[in-house]
Q: 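Quick one: the structure is below, questions incoming.
Note that the coordinates shown come from a computational prediction; the quantities given were computed from them, not determined experimentally.
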Amino acid sequence: MKRLLLGACLSFSLLSPAYSSAKSVKLIEVGKGYSKTSVNTTIFRNSSLTTFKNSQYIAYYDEDSYLVVGKRKIGDDKWEIKRSQYKGNCKDAHNVISIMADGKGYIHLSFDHHGHPLRYCKSVEPGSLDLSEMMPMTGDDEGHVTYPEFYRLADGSLLFAYRSGGSGRGNLVMNRFDISTSKWERVQDKLVDGEGQRNAYWQLYVDGKGTIHISWVWRETPDVATNHDLCYAKSEDGGKTWKKSNGDVYQLPITATNAEYVWHIPQNSELINQTSMTADKNGNPYIATYWRDQSCTIPQYRLVWFDGKEWHQDQVSQRTQPFSLSGGGTKMIPIARPRLVVKPKGKKLQAYYIFRDAERDSKVSMYYTSDIKKGVWNVKDITDFSVDAWEPSLDSDLWNSKSKLNIFVQKSSQGDGERTTDLESQMVYVAEVEL
């Protein structure tokens with residue numbers, strides 16, 4: 001199929017009255033993407049962008065629902081893009097694309113699942129935009145896949161996590177791609193077990209020391225309102241052994257009975273699932289999420305974090321508009337699930353909390369602080385236009401290696417309960433945010 005070279009950019013400055021959160025933003029055009037649902041822009045895509053050496057890769061569905069892959073040199077405004085042979089069911093926003101480069105430069109993709117058989121392929125050679133035929137990973141428990149997520153380890157190997165089962169009755173499965181053998185192996189069949197009564201909606205992060213952090217909420221039924229509590233586990237040996245924050249070893253699988261509950265949040269609290277987390281240089285985890293207090297109708301963005309001894313909770317936002325998460329399926333929610341990145345500056349830890357809120361005209365926005373432990377947050381907009389149903393995803397490889405913030409940006413829409421809208425295809429951008 002024909003390859004296209006696209007490239008245009010828009011630059012503007014962000015003025016900061018207090019602490020300088022971002023000096024400038026440059027929006028790099030990539031191509032038109034499907035926009036009638038949020039399938040390109042839901043936060044549980046996890047990886048929409050990935051970098052290997054000096055090349056950055058992107059994946060999204062185009063206006064005809066074809067999977068498109070692209071690449072550019074870091075800092076270049078021109079993208080080489082290619083429409084693949086694969087299509088997805090873009091009417092269901094669960095059917096996201098996850099992309100990741102391994103340590104040899106092969107691009108791995110998994111896409112188009114909502115309780116469906118695994119769809120997985122990779123580039124035919126390092127750096128190529130040509131994709132292989134579909135293939136299994138381990139061949140076990142790959143018939144009912146949702147929420148595929150890739151993570152790259154320090155040696156160039158990959159982790160792949162997904163839910164096996166359905167909402168309210170699923171299990172967290174984890175595979176590992178060994179870079180030395182180029183083969184997949186099962187790490188955990190049921191790392192977090194819903195026991196047929198509930199399932200865990202997780203967020204995962206691999207820190208600079210190779211520790212895998214995972215946090216999750218439990219959901220009792222397909223109704224989002226039954227989300228409750230926030231739990232945590234970590235692994236220091238590639239996912240084989242799991243511990244609580246105090247170092248106690250879990251007896252696997254982790255269940256509602258033996259899980260570490262880091263913050264108790266009752267059902268019907270507008271607690272959202274599948275947000276994001278990160279960790280500092282000491283391996284202390286930070287979890288971005290939102291919920292409402294029982295005495296209030298307004299959900300607020302939160303930060304739950306561990307200082308090495310105990311867990312803390314801070315309110316990040318000062319929102320004024322109430323909303324409800326009650327019901328099943330993908331919902332059109334007035335705020336995005338947040339994504340969090342942190343970086344040290346001297347003895348302090350700077351933090352950037354990326355989100356979208358109807359109270360700010362649904363622009364790409366960012367809370368920021370020069371000292372995450374003081375909890376004093378300012379806010380700035382990253383775009384000057386509405387992105388409607390967009391949620392943040394970014395190039396975690398580029399952030400982890402060079403502290404460069406590149407965000408996938410596209411205006412998208414979402415009908416409540418998996419309905420589509422009439423929004424025509426919209427431009428996909430990469431926002432290069434200079435901090």
Q: Is Arg360 salt-bridged to Asp381, cutoff N-O under 4.0 Å?
A: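 Salt bridge between Arg360 and Asp381, a charged N being under 4.0 Å from a carboxylate O: yes.
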
Q: Is it the case that over 12 heavy atoms from other parts of the model lie below 6.0 angstrom from the NZ atom of Lys87?
A: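 Enclosed: over 12 neighbouring heavy atoms sit under 6.0 Å from NZ of Lys87.
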
Q: Within the 4.5 Å heavy-atom criterion, are Ser425 and Tyr34 side-chain neighbours or not?
A: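 Side-chain contact under 4.5 Å: no.
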
Q: Does Lys122 NZ have over 12 foreign heavy atoms under 6.0 Å away?
A: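 Enclosed.
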
Q: Could Asp384 and Lys363 be called an ion pair, given the rule that one side-chain N must be under 4.0 Å from one carboxylate O?
A: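 The answer is no: the pair does not qualify as a salt bridge.
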
Q: Are Lys73 and Ser55 packed together at the side-chain level, in the sense that at least one heavy-atom pair is separated by less than 4.5 angstrom?
A: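 Lys73 vs Ser55: side chains touch.
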
Q: Using the ring of each side chain (for Trp, its six-membered ring), is Trp399 parallel, tilted or perpendicular to Tyr352, with breaks at 30° and 60°?
A: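 Perpendicular.
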
Q: With a 3.5 Å cut-off and no angle check, do the side chains of Asn227 and Arg219 form a donor-acceptor pair?
A: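 Yes, Arg219 and Asn227 have a side-chain donor paired with an acceptor closer than 3.5 Å.
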
Q: Do Glu391 and Arg356 meet the salt-bridge criterion of a basic N to acidic O distance under 4.0 Å?
A: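 No.
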
Q: Output yes when a side-chain donor or acceptor of Lys104 lies under 3.5 Å from a complementary backbone atom of Ile179, and no otherwise.
A: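 Flag set: sc Lys104 to bb Ile179 pair under 3.5 Å.
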
Q: With a cut-off of under 6.0 Å to the ring centre and 45° to the axis, is Arg176 in cation-pi contact with Trp184?
A: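 That pair does not qualify as a cation-pi contact.
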
Q: Do Trp202 and Glu149 get their side chains close enough for a donor-acceptor pair, meaning under 3.5 Å?
A: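 Result is yes, a qualifying pair exists.
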
Q: Apply side chain to side chain donor-acceptor pair (under 3.5 Å) to Thr226 and list each qualifying residue two or more places apart in sequence or on a separate chain.
A: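 With sequence neighbours excluded, Thr226 shows a side chain to side chain donor-acceptor pair (under 3.5 Å) to Thr221, given in chain and number order.
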
Q: Which pair of non-hydrogen atoms, one from Pro299 and one from Tyr290, has the smallest distance, and what is that distance?
A: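 Reported closest heavy-atom pair: CB-CD1, 4.1 Å.
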
Q: Does the side chain of Leu109 come within less than 4.5 Å of Leu67's, by heavy atoms?
A: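 SC-SC contact between Leu67 and Leu109 confirmed.
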
Q: Using every non-hydrogen atom in the two residues, find where Ala59 and Ile97 come nearest and quote the distance to one decimal.
A: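 Scanning both residues completely, I find the closest heavy atoms to be CB-CG2, 3.8 Å.
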
Q: Could you check whether Asn400 and Ser396, counting side-chain N and O atoms only, form a donor-acceptor pair closer than 3.5 Å?
A: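 No.
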
Q: Within a strict 4.5 Å, meaning less than it, do heavy atoms of the Val206 and Arg152 side chains meet?
A: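 Of all side-chain heavy-atom pairs linking Arg152 with Val206, none is under 4.5 Å.
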
Q: Below 6.0 angstrom between ring centroids: does that apply to Phe160 and Phe150?
A: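 Yes, the ring centres sit under 6.0 Å apart.
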
Q: For a side-chain hydrogen bond (donor to acceptor under 3.5 Å, both in side chains) with Thr138, tell me which candidate from Glu185, Lys183, Arg186 qualifies.
A: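 Exactly one option meets the side-chain hydrogen bond (donor to acceptor under 3.5 Å, both in side chains) with Thr138, and it is Arg186.
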
Q: To the nearest 0.5 Å, what is the distance between NZ (Lys343) and NZ (Lys281)?
A: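 The NZ atom of Lys343 sits 14.0 Å away from the NZ atom of Lys281.
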
Q: Hey, is the main chain of Val124 close enough, under 3.5 Å, to the side chain of Ser128 for a donor-acceptor pair?
A: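 No, the answer is negative, given that no donor and acceptor are paired below the 3.5 Å cut-off.
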
Q: Distance-only, no hydrogens or angles: does the Asp178 side chain make a donor-acceptor pair with backbone N or O of Ser182 under 3.5 Å?
A: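 No, Asp178 side chain to Ser182 backbone: no donor-acceptor pair under 3.5 Å.
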
Q: Write down the atom of Ile254, the atom of Trp218, and the distance for their closest heavy-atom approach.
A: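 In this case the closest contact between Ile254 and Trp218 is O-CH2, 4.4 Å.
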
Q: How long is the span from the OG1 atom in Thr275 to the CZ atom in Arg302, to the nearest 0.5 Å?
A: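 It is 13.0 Å, given to the nearest 0.5 Å.
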
Q: Applying ring-ring contact (aromatic ring centres under 6.0 Å, His included), can you list everything that pairs with Tyr86, at least two apart in sequence or on another chain?
A: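 Counting only residues at least two positions away or on another chain, Tyr86 forms a ring-ring contact (aromatic ring centres under 6.0 Å, His included) with Phe111.
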
Q: In Å, rounded to the nearest 0.5 Å, how long is the span from OH of Tyr151 to OG of Ser47?
A: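 These two atoms lie 7.5 Å from each other.
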
Q: Without hydrogens or angle criteria, can the side chains of Gln410 and Thr41 be said to hold a donor-acceptor pair below 3.5 Å?
A: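 Distance-only check fails for Gln410 and Thr41.
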
Q: For the pair Gln350 and Ser370, evaluate side chain to side chain donor-acceptor pair (under 3.5 Å) and give the outcome as yes or no after the intermediate values.
A: CA-CA 5 Å; Gln350 300 175 347; Ser370 60; over 6 Å; no

Q: Do the side-chain N and O atoms of His113 and Asn95 include a donor-acceptor pair separated by under 3.5 angstrom?
A: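 Per modelled atom types, His113 and Asn95 side chains form no pair under 3.5 Å.
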
Q: Give me the atom names and distance for the closest heavy-atom approach of Thr37 to Cys90.
A: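 Thr37 and Cys90 have their closest heavy atoms at OG1-O, 2.7 Å.
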
Q: Between Lys26 and Asp77, does at least one N-O distance fall below 4.0 Å, as a salt bridge requires?
A: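 Judged by the 4.0 Å cut-off on N to carboxylate O distance, Lys26 and Asp77 do form a salt bridge.
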
Q: What residues, two or more places apart in sequence or in another chain, satisfy side chain to side chain contact (heavy atoms under 4.5 Å, CB included) together with Ser48?
A: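 So Ser48 forms a side chain to side chain contact (heavy atoms under 4.5 Å, CB included) with Arg45, Ser393, Phe408.
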
Q: Looking only at the side chains, is there a donor atom on one of Ser386 and Asp388 sitting less than 3.5 Å from an acceptor on the other?
A: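 Distance-only check fails for Ser386 and Asp388.
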
Q: Charged N to carboxylate O below 4.0 Å: is that the case for Lys32 and Asp62?
A: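 Salt bridge between Lys32 and Asp62, a charged N being under 4.0 Å from a carboxylate O: no.
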
Q: Determine the minimum heavy-atom distance between Leu394 and Arg339, stating which atoms define it.
A: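 Here Leu394 and Arg339 meet closest at CD2-CD, 3.4 Å.
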
Q: Pick one: which of Ser413, Ser412, Ser38 meets side-chain hydrogen bond (donor to acceptor under 3.5 Å, both in side chains) with Thr421?
A: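 With Thr421 as partner, Ser413, Ser412, Ser38 yield a single side-chain hydrogen bond (donor to acceptor under 3.5 Å, both in side chains), made by Ser413.
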
Q: Before accepting this row, confirm whether a basic side-chain N of the pair Glu432/Arg72 lies closer than 4.0 Å to the acidic partner's carboxylate O.
A: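 Looking at Glu432 and Arg72, the cut-off is met.
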
Q: List in chain and number order the residues that pass ring-ring contact (aromatic ring centres under 6.0 Å, His included) with His114, two or more places apart in sequence or in another chain; answer none if no residue qualifies.
A: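 ring-ring contact (aromatic ring centres under 6.0 Å, His included) list for His114, sorted by chain: His94.
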
Q: Could you check if a side-chain atom of Val304 sits within less than 4.5 angstrom of a side-chain atom of Asp314, using non-hydrogen atoms only?
A: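 They are not in contact (no side-chain heavy atoms under 4.5 Å apart), so the answer is no.
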
Q: Please report the interatomic distance OG(Ser123) to NZ(Lys71), rounded to the nearest 0.5 Å.
A: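 Between atom OG of Ser123 and atom NZ of Lys71 there are 9.0 Å.
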
Q: For the aromatic rings, using the six-membered ring if either is Trp, is the centroid distance between Tyr66 and Tyr61 under 6.0 Å?
A: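 No, too far apart.
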
Q: Is Asp64 paired with Arg83 through a side-chain N to carboxylate O contact shorter than 4.0 Å?
A: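 Judged by the 4.0 Å cut-off on N to carboxylate O distance, Arg83 and Asp64 do form a salt bridge.
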
Q: Judged by modelled atom types alone, do Arg163 and Asn171 share a side-chain donor-acceptor pair under 3.5 Å?
A: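 Side-chain D/A pair, Arg163 to Asn171: absent.
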
Q: Taking the side chain as every heavy atom from C-beta outward, state whether Leu159 and Met174 have any atom pair closer than 4.5 Å.
A: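 They are in contact (side-chain heavy atoms under 4.5 Å apart), so the answer is yes.
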
Q: Is it the case that over 12 heavy atoms from other parts of the model lie below 6.0 angstrom from the NZ atom of Lys53?
A: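 No, the 6.0 Å shell around NZ holds no more than 12 heavy atoms from other groups.
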
Q: Compare all side-chain heavy atoms of Asp307 with those of His312 and state whether any distance is below 4.5 angstrom.
A: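 Heavy-atom side-chain distance check passes, below 4.5 Å.
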
Q: Could you list the residues that satisfy ring-ring contact (aromatic ring centres under 6.0 Å, His included) with Tyr353, not counting sequence neighbours?
A: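 Tyr353 satisfies ring-ring contact (aromatic ring centres under 6.0 Å, His included) with Tyr301, Trp377 only.
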
Q: To the nearest 0.5 Å, what is the distance between CD on Glu195 and OG1 on Thr255?
A: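 Glu195 atom CD to Thr255 atom OG1 measures 4.5 Å (nearest 0.5 Å).
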
Q: Aromatic contact between Phe44 and Tyr147, with the criterion being ring centroids under 6.0 Å apart: yes or no?
A: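 Yes, close enough.
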
Q: Is there side-chain contact between Trp263 and Thr289, with heavy atoms separated by less than 4.5 Å?
A: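 The answer is no; the side chains never approach within 4.5 Å.
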
Q: With a 3.5 Å distance limit and no angle check, can you tell me whether Ser276 reaches the backbone of Pro338 through a side-chain donor-acceptor pair?
A: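 Yes.
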
Q: Before you tell me yes or no, could you show the steps for Asp112 and Arg119 under salt bridge (charged side-chain N to carboxylate O under 4.0 Å, His left out), namely the whole-Å CA-CA distance, both residues' side-chain angles and the distance that decides it to 0.1 Å?
A: CA-CA 7 Å; Asp112 198 33; Arg119 302 194 75 189; 2.7 Å; yes

Q: Could you state the interatomic distance from NZ (Lys380) to OH (Tyr367), rounded to the nearest 0.5 Å?
A: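 Taking NZ in Lys380 and OH in Tyr367, the distance rounds to 13.0 Å.
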
Q: Can you see whether Gln56 engages Asn406 through a side-chain donor-acceptor pair at a distance of less than 3.5 angstrom?
A: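 Asn406 and Gln56 do have a side-chain donor-acceptor pair below 3.5 Å.
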
Q: Just jot down the side chain to side chain donor-acceptor pair (under 3.5 Å) partners of Ser245, sequence neighbours excluded, or say none.
A: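 In terms of side chain to side chain donor-acceptor pair (under 3.5 Å), with neighbours along the sequence ignored, Ser245 is linked to Glu260, Trp311.
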
Q: Looking at every non-hydrogen atom in both residues, tell me the closest pair between Leu252 and Lys240 and how far apart they are.
A: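 Heavy-atom minimum between the residues: CD1-O, 3.9 Å.
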
